[in-house]
Amino acid sequence: MNTIKSYDYTVVEKKWQDKWFKDRIYEAKKDGGKKFFIHFAYPGVSGYLHVGHMRGFTYCDIIARYKRMSGYNVLFPAGFHASGIPSVAFAKKVERGDRETIALLQKNGCSDEIIKKLSDPREVVHYFSKVYVEDYWKRFGFLIDYSRLMDTISKGYNRFIQWQFHKLYQKNLLIQKPHFAPYCPQCGPVAVDKSETDVSKGGNAEILEFTIIKFKMRDGTILPAATLRPETIFGVTNMWVNPDAIYQKIRIDNEIWICSKECTKKLSYQMENIELLYEEVKGKDLVGKTCFVPLINREIPILSGTFADPNIATGLVMSVPAHAPYDWIALVESKKDIDPIQIIDVKGFGTNPAKEVCEQLNIHSQTETEKLDQATEILYKKEFHTGFLNENCGVYAGIKVSDIKDQVRNDLIEKKLATVMREFSEEVICRCGEKVVIKQIPDQWFIKYSDENLTEMSKQHVSSMNIYPQEYKEEMPKVLEWFDDRAVIRKGSWLGTEFPFKKDWIIEPISDSTLYPAYYIVSKYVNENKIISDEMTNEFFDYIFLGIGKAKNNTWRTIRSDFEYWYPVDINLGGKEHKTVHFPVFLMNHVAVMPERKWPKGIFVHWWVTQKGREKISKSKGGAEPIPQAATTYGVDAMRLYYAHVGSPFVDVEWDPEVVNKYKNRIINIWKFINQLIKTRSTKEDKHLDKWLKSIINRRIQKIIDAFEKYDIRVASNEIFFEIQKDLQWYLKRNGGNKKLLEETITTWIKLMTPIIPHLAEEIWHILGRKNYISNETYPTPNPMDISEEDELGEQLISQTIKDIHEILKVTRIKAKKIHIYTASSWKHKMMQQAIELEKENKLDMKNLMKTAISELEMKDLGKEVSSYANKIIGEIKKMNESDKKQYTIPIDEKKHLEQSVDFLKKEFSTDFEIHKADEKNIYDPMKRAKLAVPLRPAIFIE
RNA sequence: GCAGGGGUAGCCAAGCCUGGCCAACGGCGACAGACUCAAGAUCUGUUCCUGUAGAGGUUCAGGAGUUCAAAUCUCCUCCCCUGCACCA
């Protein structure tokens, strides 16, 4: 029995992959039938992937394989997203000999010669593209159409993107306006994001918009106070300056401002017309002077406040002691006699909310920043959601804070009493060591996603799409509504397509990845050298995608007809990180550029594989198992089954080697089990059992297909790998052994498995003597003729009876000498059916039931027993659902079924059995059990 | 702040849309038995509580409600998570 050794998954998997790929069974063929176009959001190519990434890819291959086997021509292409900074960053690391990077490459078997080449970003892209194809996708047996591989930095693709932007321009969806973006004075534009590719600190920073309110001093000089709560202007009692900070005078347009030195530098990137006056003002020299609150022209003192940080915004803070805990505490510490002015009425607080919350948290000093931050948050939230501006607020009195915030700000700006300054929520440091600032780009280009027409059409289209999970379908219209204009070009060292309307500016990587599935139609011909990039003009794409103009040659016509056949995309599959960026732009660009019948038909979003503790697996943390290593350790089929079955696609799962190992055992177990079944020599037929097996397998097939049609891969795999195996085990346990039937069932079974574990299925297929590929076979469909309700019910009767006997034995702890089983009297069956009939007509009650029952002659004699049974089932039936009721209408000879199985029962309980029917005369029934028997629940007596 | 997701037995995780097939799929773990020299693997059974006859009781974050009937619908409360733009 060392079949375990005979399943060498490494060899088997390699063997079939070689054959599939040599025979190019993956190539999409259009033969006029139904088509299905599926792809995954193509990955960036700037490093090795990990086992988490394989989850989505695997779903895609499973769906594609299922569809192939279900009679569709499937197009499942793949490509590489090469634009942006990542590959440039990687190349830079190699160039400067970053030890970690080099070690990673070496560990993955990269030769020194290749490593040398990888200081070129384009080589990085090519190297990793090859790794993905050979070590990941082919290694997992994916039937991707490898003849269509492409990346986003090829010439042809560039032409394609430029065409797209011409179209957007023509449709007035490209607009220009000022934009503010992170910028390193040394390196130029940088990306601030959690993975911190560009920055060494502050990846979590957000860009905050401070309102800068202009407080005039007596000499006309402006003190610009920065605030996130402009509506509190009516409660200002004083100004805070940091006595130890150095402030500077600057001229902006015709105004003279005083702000911190640090602020000057930042502002110079955000505003035009800033002129340094080279005049410093010490903070402590401002203390004691006064200034005027704009709008209400109240004169207020300037006080010393050490918490006013020159690094944050302007370094000047307006003081609202009634509503800002910091201000309140500073005011207390200053010992000045100033009355706070309450301007917001909020439930649960009195005339000075800031004071009250400080007292609650026991705060006494400006230095207790942690508590003060907490106090600020509590108060702010409360006031924002439930507060109203009071009579001190002039025209704004009586309005809810949450409704008024932006209005106060806009009014102030309109009256030129305020302006806006952008600031990071925390310090951001570039990889070069320089502080990152926010820079204004006055004429940035945007794609106008806010366009009403575009948004509306996209939203409407969503309702006709297949979007999984359902929750995302409901979310999508809201996302589209919320999605704002997106800046699309950038100047700097990164890869991508040159923007056609501004030389040397490159289209950013999200915007060049929206229509790309359409390019898979073209890439095949590019790869086969049937068309060269120079030929791919705007006229070319107009013809291919829009049918405008004339074909220049036959290749054009062929590509056009391919596009007409394959497009639109049926499923675009991607991780949940794409929900709010990639999928919306994917949809909206199609709506903007393509004709309506080419708009996407479906989106499938999957969740992640995380590290233990729910952390996202990250490349930088290196915590993830390399894919080829995992494939060797567990086997590809085991990993595919793991992804398919471990959880719903719509939850995160934790990567746990032990769990994956269980699936590996499962694969070996299935291998052994099937081989054992194949060896069955017996040709014994058992009419009932064989019919039962056929019937139950047919039901499974129906359920599996239903699940697959909804892409419910987990349910499908549960049925295939767990439920069917249980059925077969029951068949064997019941002593079934019809070789012919078993072989048929196995054939069906491995076909069912093929989309999920194609290698093992293919191997067994050939062991069974088949010469073609199971991967090209047709997926099983249920045959209604094979359904036998009676035989299924019979088996259910047996297993229910066994369960009952077990329970009795357990509770009573008797050792059985002999077990008697009594099936219910015929009149009980009859009455049950009558009752169900009456229920259907809504006439079920005691009177009607008894009337119907008594009309049957034999029941007359039974008297009381009849009425008490009738009483009992009336209640029961009312609680039954349709399938419960249906069971009782299936004609079944319980006694016959039990008698057929008596040998099995004897073996199961190692004891003697006798089957009786309750209405037989003179049966052995010392404990008077027989009368307790009811349909489908025979009475039991154990002696 | 904006938009969204979620809290189910020791753990992971179905079910919730379309209320009754639900003591609640499946897996893992645990326990018992089988196979075995043994270990692993595999197979069978048990795994909320009670129970000497197949039963009963109490459960699906907490609270209130709708209903003949609620894990499932409604409302409130508490707690956790995700995305938010020049990052792919």
Side-chain angles (χ1 to χ4, degrees), chain A residues 1 4 41-44 46 81 83-86 179 181-182 189-198 203 206-207 228 380-381 384-385 402 405 441 444 446 449 469-472 474-475 478-479 481-490 507-511 513 576-582 584-585 607-608 614 616 645-648 650-654 656 658-659 662-663 665-666 668-669 672-673 714-715 717-719 721-723 729 732-733 800-801 803-814 878-885 887 908 927 929 932 937-942:
Chain A
M1 274 305 271
I4 213 176
Y42 53 9
S46 59
H81 194 202
S83 347
I85 337 161
H179 182 60
V190 291
V192 175
D193 71 309
K194 277 172 197 151
S195 61
E196 303 197 334
T197 18
D198 283 6
E206 287 176 70
I207 295 179
L228 292 169
Y380 180 71
K381 274 199 175 152
F384 184 80
H385 292 291
S402 55
K405 203 183 164 78
I441 302 155
Q444 172 64 287
F446 289 77
Y449 290 115
Q470 180 64 29
E471 290 84 356
Y472 184 52
E474 281 150 30
E475 183 184 352
K478 295 175 203 162
V479 174
E481 194 64 50
W482 160 86
F483 206 93
D484 209 351
D485 299 341
R486 185 178 180 91
V488 289
I489 59 171
R490 201 163 130 172
I507 294 165
E508 63 84 29
I510 292 295
S511 303
S513 310
K576 66 176 178 181
E577 70 278 18
H578 295 304
K579 286 204 300 181
T580 49
V581 184
H582 172 250
V585 295
W607 268 233
W608 297 331
R614 295 274 171 233
K616 185 180 178 180
H645 185 262
V646 71
S648 138
F650 316 126
V651 294
D652 289 335
V653 296
E654 278 182 24
D656 181 346
E658 272 183 47
V659 172
K662 293 292 168 193
Y663 284 96
N665 291 338
R666 190 93 215 164
I668 294 169
N669 171 244
K672 280 165 68 178
F673 184 63
R714 185 181 184 270
V715 168
S717 49
N718 199 53
E719 291 295 310
F721 294 94
F722 295 88
E723 299 301 333
Q729 272 159 354
L732 296 183
K733 190 177 172 184
Q800 180 60 47
T801 307
K803 249 193 197 162
D804 287 344
I805 296 171
H806 272 301
E807 178 143 9
I808 296 166
L809 288 172
K810 184 184 146 202
V811 174
T812 59
R813 297 185 201 126
I814 5 179
K878 290 202 165 149
K879 283 185 198 154
M880 282 182 196
N881 56 45
E882 288 312 307
S883 70
D884 277 344
K885 288 180 199 160
Q887 286 190 341
E908 237 351 68
M927 297 298 283
R929 299 276 179 205
L932 298 175
R937 289 301 284 280
I940 295 161
F941 169 57
I942 301 176

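Both backbone and side-chain heavy atoms feed into the values below; hydrogens, waters and symmetry mates do not. Treat the numbers as computed from the prediction; the structure is a model and nothing was measured. Numbered from 1 within each chain, the chains take letters A, B, ... in sequence-line order.
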* Tell me whether the OP1 or OP2 atom of B/C84 has a side-chain N or O from A/Thr580 closer than 4.0 Å. => no

* To do: Check A/Phe446 against A/Ala487 and note the closest heavy-atom contact, atom names and distance.
  => CD2-N, 3.3 Å

* Asked: Are A/Gln729 and B/U44 close enough that a side-chain N or O sits under 4.0 Å from OP1 or OP2?
  -> yes

* **Watson-Crick and G-U pairing of RNA chain B, under 3.5 Å, as dot-bracket with | and [ ]** => ((((((((.[[[..)....(.....]]]((((((.......))))))(((....)))...[[[[[..)....]]]]])))))))....

* Quick one: is A/Lys579 getting a side-chain N or O under 4.0 Å of the B/G4 phosphate, OP1 or OP2? -> no

Quick one: which protein N/O atoms are closer than 3.5 Å to N/O atoms of nucleotides 72-74 of chain B? Pair and distance per line, please.
none

* Asked: For A/His806 and B/U47, what is the distance between atoms NE2 and P respectively, to the nearest whole Å?
  -> 12 Å

* A/Lys576 NZ to B/C81 C1': how many Å, rounded? -> 8 Å

* Structure fact -> Heavy-atom closest pair (A/Tyr472 atom, A/Lys579 atom, distance to 0.1 Å) is OH-O, 2.7 Å

* Structure fact -> Taken to the nearest whole Å, NE2/A/His582 to P/B/A88 is 13 Å

* A/Glu206, CD atom: more than 12 neighbouring heavy atoms under 6.0 Å -> no

* Rounded to whole angstrom units, what separation is found between the CD1 atom of A/Ile942 and the C1' atom of B/G54? -> 9 Å

With 3.5 Å as the limit, what N/O pairs link the protein to nucleotides 27-34 of chain B?
residue, atom, partner, partner atom, Å
B/G29, OP1, A/Lys662, NZ, 2.7

* Asked: Taking the P atom of each, how far is B/A69 from B/C80, in whole Å?
  -> 35 Å

